[in-house]
Number of protein chains: 2
Amino acid sequence: MFSQTTEYAMRAVVALAAGDGRPMTTKRIAEMMRVPPSYLAKVLQALVRGGLVNSTRGLRGGFVLAKAPSEIKLLAIMDVVSPIKRIEHCPMDHDGHSSVLCPLHRRLDHAMSLVEEAFGSTTLQEVISEENPCPTLQGELQQLRDLPS
Amino acid sequence: MFSQTTEYAMRAVVALAAGDGRPMTTKRIAEMMRVPPSYLAKVLQALVRGGLVNSTRGLRGGFVLAKAPSEIKLLAIMDVVSPIKRIEHCPMDHDGHSSVLCPLHRRLDHAMSLVEEAFGSTTLQEVISEENPCPTLQGELQQLRDLPS
DNA sequence: GGATAATCGGATTCTTATATCCTAATTATC
DNA sequence: GATAATTAGGATATAAGAATCCGATTATCC
């Protein structure tokens, strides 16, 4: 239901949030989060343009979060790569003279509002501080911590 | 956020539910609900295959609901054309040895569950019996009622 | 039984999303 | 200043979704 790009964007931002604050390269994020590296590069560019992530080029460069994880909502990530388009007026009403939605589109829009609400009330901090039973990611993070600086 | 095909499928089924029970042709539904007729034909075929709609060929043929509107949930329509794929296990965990989701995918899956719940608890009957302020559809339905049998 | 109205199904096109690759620009280090 | 590491951006390929078209099939009516 969510686009592949949204998936990758969320994974990337989670990776950065779970890291130690030093810049992470595309390659490392890609390996860590199992994302196609060349596509991830594009997604990261979009996140930079969207103001969620900062990049530094050159040796020892990479990507870091632009704000603290507690300041980043999941919704903001989605908004960058494929924003939820709420239904403003009934798409069957070509003249747009009705500001009230028809029952069908009221339901559709309501469903979207639930998602918006869910992602709008969750911060990255919550996601990374929650107990993490995913063994794959756990292992990767452990390797990261074991790295020499 | 929902596919165009889902939109069209829901519109078509609402049209049938709001009708008088006589078969409606693709053309009429298309005009009524502002859907590309040739594509609607495909969507209707899918709905027939999914068991939500019955079709009769030939003169005076067309499409009718397979069940009463009170027996059809919005979720069933979505399931036919683009079913919600709940996240069973973390897609970053290639071995699939963890049945518990990681925090990120727990959130993503939860958002989907909200949509599933919303559409799973709404019947077509509720949608069509709700007061309908969409002037476009109102007009079309009025025309339909004024038709000679 | 023939003419007509309608769905059905396949083939095709168009558009968008996903993914890859290569070159240019940038920066730390030696 | 040269070198290696890294992002940025453009061009391109591949896949999937959306939409169209047309001939075949089916059913009704006269």
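Nothing here was measured: the structure is a model prediction, and the numbers come from that model. Just so we're on the same page: letters track the sequence lines, and every chain starts at 1.
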Provide, to the nearest angstrom, the distance between the [atom1] atom belonging to [X] and the [atom2] atom belonging to [N].
{"X": "B:Gln4", "N": "D:dT20", "atom1": "CD", "atom2": "P", "result": "11 Å"}
{"X": "A:Met24", "N": "D:dA5", "atom1": "CE", "atom2": "C1'", "result": "16 Å"}
{"X": "A:Lys27", "N": "D:dA5", "atom1": "NZ", "atom2": "P", "result": "10 Å"}
{"X": "B:Arg11", "N": "D:dA18", "atom1": "CZ", "atom2": "C1'", "result": "14 Å"}
{"X": "A:Ile29", "N": "D:dA5", "atom1": "CD1", "atom2": "P", "result": "18 Å"}
{"X": "A:Leu40", "N": "D:dT7", "atom1": "CG", "atom2": "P", "result": "9 Å"}
{"X": "B:Leu59", "N": "D:dA27", "atom1": "CG", "atom2": "C1'", "result": "8 Å"}

| message | On the nucleotide D:dT6, are OP1 or OP2 found under 4.0 Å from the side-chain N or O atoms that A:Thr25 carries? | response | no

| said: Check the phosphate of D:dA8 against A:Ser55, side-chain N and O only, distance under 4.0 Å to OP1 or OP2. Yes or no? | reply: yes

Partners passing side chain to side chain contact (heavy atoms under 4.5 Å, CB included) against [X] (at least two apart in sequence or in another chain):
{"X": "B:Glu7", "answer": "A:Pro91, A:His105, A:Leu108, B:Arg11"}
{"X": "A:Ala41", "answer": "A:Thr26"}
{"X": "A:Thr5", "answer": "A:Ser3, A:Tyr39, A:Val43, A:Val81"}
{"X": "A:Ser55", "answer": "A:Val48, A:Phe63"}

| Base, sugar-phosphate alone, or nothing: which one does B:Ser3 contact when heavy atoms must sit under 4.0 Å apart? | sugar-phosphate

Test item: [X] and [Y] side chains (from C-beta on) under 4.5 Å apart, heavy atoms:
{"X": "B:Ile84", "Y": "B:Val115", "answer": "yes"}
{"X": "B:Ser121", "Y": "B:Lys73", "answer": "no"}
{"X": "A:Val127", "Y": "A:Thr123", "answer": "no"}

| So which heavy atom on A:Leu124 is nearest to which on A:Ala17, and how close? | CD1-CB, 3.9 Å

| said: For a quick test of reading the model, state the closest non-hydrogen atom pair linking B:Ile87 to B:Asp109 and the distance between them. | reply: N-OD1, 3.0 Å

| query | When you measure from every atom of DNA chain C, which of residues 42-51 of chain A have a heavy atom less than 4.0 Å away? | reply | A:Lys42

| field | Upstream residue (5' side of DNA chain C) when A:Pro36 and A:Thr56 are each assigned their closest nucleotide | value | A:Pro36

| said: What I want to check is whether an N or O donor and acceptor connect the side chain of B:Arg57 with the base of D:dT25 at under 3.5 Å. | reply: yes

| request: Walk along DNA chain C from 5' to 3' and tell me the first and last nucleotide with an atom closer than 4.0 Å to a non-hydrogen atom of chain A. | output: C:dT18 to C:dT29

